[in-house]
Engineer: 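After the structure tokens below, expect a handful of questions from me.
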Amino acid sequence: MLTVLQIGAGGVGRVVAHKLAQNRHLFERVVLASRTLSKCQAIADSAKARGLGEIICEQVDADSVQEVVALIEKYKPKVVLNIALPYQDLTIMQACLQTKTNYLDTANYEHPDLAKFEYKEQWAFDKAYKDAQIFALLGSGFDPGVTNVFCAYAQKHYFDEIYNIDILDCNAGTHPYPFATNFNPEINLREVSARGRYYENGAWIETAPLEIKQTWAYPEIGERASYLLYHEELESLVKHIKGLKRIRFFMTFSDNYLNHMRCLGNVGMLGIESIEVPLADGKVGKVVPIQILKQLLPDPASLAGQTTGKTNIGCYIHGTKNKKEKRLYIYNVCDHQKCYEEVGSQAISYTTGVPAMVGAMMICKGIWGGENSKGVFNLEQLDPDPFLEELDRQGLKTEVIER
Ligand code: NDP
């Protein structure tokens, strides 16, 4: 019986579990484990109520290699889907290595105490994974994930040479809260408030946080102010798309979102180092400001059903084909309400969770990670066609505008 083990039962985890359960012909047994068992149970109940069958629930602390190893040994899954937080990437990868099990995640490793994220530690597993004859798929969400596949697809079908890539991420959804993040608040606010960075002519150029603002036109949405951020897929795409001269990443934010974030930053609420606070009993306790903020903000999963509007995420690519200059926008549009109707989630969770499930499909069918491709991979290193065909079937359609 083909078993998959999913770790993480938050906003994205809900989508992944439902999509796995929708595809029982392949994923015969689905095990959902997370730190809080009741969250797994709520997702399993929702899937069952939708006629998607049983999901087995387990409690696990994925910061512990031993606990994850024990869970893998109990169920012997074909692949472990890490849908927890980037902090757990290395422990889950280590547990997969010890048990010779394939691995997949949606975000690269981030050290909880350092405001940076990079692939170095995960890429360092490559040789050990090759030796163990297992496969790791890094960043199988939308961005990173589908955006990497879009670049590989454009390279394969539309360009001889790619010069410039601008990855564009627009969430034009609106919700009734004064301020909320659309995925894990701690990870989201760390990412947005960090210094910007992009790659040009062989060098990385740093900017102040949100220093570069441009207006981009998003199909089905319209023009939106977009801000340059550093995003993890830039690191792997610079390595794997040959001849690239420039790559940047832009994300849209409303003035309301930015005003809230700046105020919170100004008063120290985005801090990631612990501070001492006097407690009621006269003692002194330690708290990390951003973790307090995370507790106070709406759970991103609770935006589901209350968010209307669309997302548009894609890659604007400039290069040449047959010696002629060419520009192309390859993208997906996703509707928040339609996601809610299908799996009870908002579009950011949906656009991340569906590619994670499709990545698992590629692994379980042996399309990716087969005999000749063991080790640690980013998505642009693999054949994009079967992935995008399946993504389309599973609810996320690829559109291309050529100029
Ligand atoms: P949530 O905070 O909603 O969910 C995280 C889940 O992980 C929770 O169920 C949480 O448990 C669980 N978890 C946290 N720590 C542990 C642990 N030590 N052991 C076991 N379980 C743990 O996050 P999201 O669902 O919004 O995001 C999930 C992942 O998706 C993140 O890594 C995020 O960065 C990534 N992401 C990727 C995107 C992409 O396009 N590539 C876009 C959006 C998100 P508990 O409930 O107990 O806290």
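Along the sequence shown, residues carry numbers from 1. Just follow the structure's listing: the first ligand is 1, and inside any ligand the first atom is 1.
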Engineer: How are the rings of Tyr163 and His318 set to each other: parallel, tilted or perpendicular (split at 30° and 60°)?
Structural biologist: perpendicular

Engineer: Just by modelled atom types, is the Lys397 backbone N or O under 3.5 Å from a matching donor or acceptor in the Asn332 side chain?
Structural biologist: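 Yes: the side chain of Asn332 pairs with the backbone of Lys397.
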
Engineer: Check for me whether the distance between the ring centres of Phe250 and Trp216 falls short of 6.0 Å.
Structural biologist: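 Between Phe250 and Trp216, the centre distance is under 6.0 Å.
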
Engineer: Protein residues near ligand 1, heavy-atom distance below 4.0 Å?
Structural biologist: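 Ligand 1 pocket, heavy atoms under 4.0 Å: Gly8, Ala9, Gly10, Gly11, Val12, Ser34, Arg35, Thr36, Lys39, Val60, Asp61, Ala62, Asp63, Ile83, Ala84, Leu85, Pro86, Gln88, Thr106, Ala107, Gly141, Phe142, Asp143, Pro144, Phe183, Asn184, Ile187, Thr352.
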
Engineer: Taking the six-membered ring for Trp, are His231 and Phe249 parallel (under 30°), tilted (30 to 60°) or perpendicular (over 60°)?
Structural biologist: parallel

Engineer: Scan for ring-ring contact (aromatic ring centres under 6.0 Å, His included) pairs involving residues 371-394, sequence neighbours excluded, and state none if there are none.
Structural biologist: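 Non-adjacent pairs meeting ring-ring contact (aromatic ring centres under 6.0 Å, His included): Phe135-Phe377, Trp368-Phe387.
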
Engineer: Keeping Asn312 on the side-chain end and Tyr218 on the backbone end, is there a donor-acceptor pair under 3.5 Å?
Structural biologist: no

